[in-house]
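Residues: numbered from 1 along the sequence shown. What you see is a predicted model; the values in this text were computed from it and never measured.
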Amino acid sequence: MTATLSVNLNAVAMLRNRRDLPWPNVISLGRVALAAGASGLTVHPRPDERHIRFSDLPAIRALIDDEFPQAEFNIEGYPTAQFLDLIAGNEPEQVTLVPDDPAQSTSDHGWNMRQDGEFLHPIIADLKHRGIRVSLFVDPDPEAPAVAKALGADRVELYTGPYGGAYDDPRRETEELAKLGATGVAAAEAGIAVNAGHDLTVANLPALVKRVPNLVEVSIGHGLTAEALMHGMSGAVERFLNALKA
């Protein structure tokens, strides 16, 4: 089964926020992405609202409910009380829990699964009680999927930043891909589904799909937005969908 594509709108929102103006319009571009074949929309609302604003979330929820009911809303972030209130108010189909410090410019590591398990377990249980699928952001580590499964998570999201960052170093790119593949195998053995995200591109996505055949979803923002500047949002989505099938 081909992995689905969730379009992360953070980069679009960050560009919008450079001016006190409503464009580029996050909702309009989300609509274009879904109409082009994306299976969902992802956002990562940070406390300082430097890209996605809290006020964007109800509008994205309404877009999906009213026009694309088959699509999914994925909200990712660190589970503060404020974040969990946003989840309760906007009812995403999936929550991706990420160990972000508010000062980080972007996510750059996964959870320490054994150290953070006691903190995560009740949060996961509460989200699942509300009928929300839970994914944990993890570094490539064959031990991580089994721990995530034991904590009650439905999926792990493989942090692919080091793989994406090795675009100009074929040897290191091969090494990072091997780590992701080993974690994918471990996830299959543990019986937990696999998402992936961070610095994925049209160029590096096909190799990831081949190496992690149990991949069910990719969440892509920066690379897809860069493609959209060249090819338009619809064209960028089409290019990434083709890359998933390559």
Side-chain angles (χ1 to χ4, degrees), residues 4-36 38-68 71-110 123 127 132-137 157 159-161 164 195-200 217-229 233 236-237 240:
T4 62
L5 171 66
S6 184
V7 173
N8 189 314
L9 295 171
N10 280 19
V12 173
M14 182 174 285
L15 182 59
R16 174 198 63 189
N17 293 355
R18 292 185 69 247
R19 297 285 188 271
D20 187 22
L21 296 167
W23 57 79
N25 188 283
V26 170
I27 305 306
S28 294
L29 285 169
R31 178 181 292 110
V32 173
L34 293 173
S39 296
L41 300 174
T42 291
V43 296
H44 187 152
R46 287 184 167 85
D48 61 5
E49 301 184 88
R50 63 180 178 268
H51 31 63
I52 283 294
R53 297 169 180 157
F54 301 157
S55 59
D56 293 323
L57 303 186
I60 296 170
R61 178 73 271 171
L63 169 68
I64 291 173
D65 289 345
D66 296 344
E67 300 181 37
F68 301 93
E72 292 194 348
F73 193 12
N74 172 47
I75 302 180
E76 55 185 29
Y78 187 86
T80 62
Q82 182 184 48
F83 177 82
L84 294 173
D85 285 344
L86 291 173
I87 297 303
N90 294 281
E91 301 181 329
E93 282 72 31
Q94 178 173 264
V95 168
T96 302
L97 298 177
V98 180
D100 258 4
D101 183 283
Q104 287 179 223
S105 62
T106 187
S107 306
D108 62 9
H109 64 283
I123 295 169
L127 291 170
I132 298 171
R133 183 194 312 127
V134 179
S135 179
L136 295 182
F137 198 64
E157 179 172 328
Y159 170 49
T160 54
N195 296 345
H198 215 86
D199 294 336
L200 294 174
E217 178 184 290
V218 293
S219 172
I220 304 177
H222 185 84
L224 193 145
T225 305
E227 288 278 337
L229 292 173
M233 177 59 80
V237 168
F240 273 92

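The shortest distance between side-chain heavy atoms of Pro45 and Leu86 falls below 4.5 Å. Between Asp100 and Glu76 the shortest side-chain heavy-atom distance does not fall below 4.5 Å. For the pair Val95 and Phe83, the minimum side-chain heavy-atom distance is below 4.5 Å. Side chains of Thr160 and Val218 form no contact here, defined as non-hydrogen atoms less than 4.5 Å apart. A 4.5 Å side-chain heavy-atom check between Ser39 and Glu72 finds every atom pair outside the cut-off. Within the 4.5 Å cutoff, the side chain of Thr42 has no heavy atoms near those of the Leu9 side chain. Looking at heavy atoms from C-beta onward, Val7 lies in side-chain contact with Val237 at the 4.5 angstrom threshold. Taking 4.5 Å as the limit, some side-chain heavy atom of Ile52 sits within range of a side-chain heavy atom of Leu57.
When every heavy atom of Ala71 is checked against every heavy atom of Gly40, the shortest pair comes out as CB-CA, 4.4 Å. Nearest heavy-atom pair, Ala228 versus Ala236, reported as atom, atom and distance to 0.1 Å: N-CB, 3.6 Å. Shown here for Glu49 and Ser55, the closest heavy-atom pair between the two residues is OE1-N, 4.4 Å. For Phe68 against Arg31, the heavy-atom pair with the smallest separation is CZ-O, 3.7 Å.
Going from atom OG1 of Thr96 over to atom CZ of Arg133 covers 9.0 Å, rounded to the nearest 0.5 Å. To the nearest 0.5 Å, atoms CD1 (Ile220) and CG (Leu5) are separated by 5.5 Å. Rounding to the nearest 0.5 Å places OH of Tyr78 at 7.5 Å from CD1 of Ile123. Going from atom CD of Glu91 over to atom CD1 of Ile132 covers 7.5 Å, rounded to the nearest 0.5 Å. Here the straight-line distance linking atom CE of Met233 with atom CG of Leu224 works out to 5.5 Å at 0.5 Å rounding. From Leu63, atom CG reaches atom CD1 of Ile27 across 6.0 Å, with rounding to the nearest 0.5 Å.
With 3.5 Å as the limit, one finds a donor-acceptor pair spanning the side chains of Asn74 and Gln94.
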- CA sep, side-chain torsions, deciding dist, call: Asp56, Val43, side chain to side chain contact (heavy atoms under 4.5 Å, CB included): CA-CA 9 Å; Asp56 293 323; Val43 296; over 6 Å; no
- Message: Asp48 vs Arg50, test: salt bridge (Lys or Arg N to Asp or Glu O under 4.0 Å). Steps then yes/no.
- Response: CA-CA 5 Å; Asp48 61 5; Arg50 63 180 178 268; 2.9 Å; yes
- Message: Set out, in order, the CA-CA distance, both residues' side-chain angles and the distance that settles side chain to side chain contact (heavy atoms under 4.5 Å, CB included) for Arg16 and Val26, then state yes or no.
- Response: CA-CA 8 Å; Arg16 174 198 63 189; Val26 170; 3.5 Å; yes
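Distance alone, capped at 3.5 Å, is enough to place a donor-acceptor pair between the Asn10 side chain and the His44 backbone. A donor-acceptor distance shorter than 3.5 angstrom exists from the side chain of Glu93 to the backbone of Phe73, with no hydrogens or angles considered.
Ring geometry for Tyr159 against Phe137 counts as tilted: the plane angle lies between 30° and 60°, on a 0 to 90° scale.
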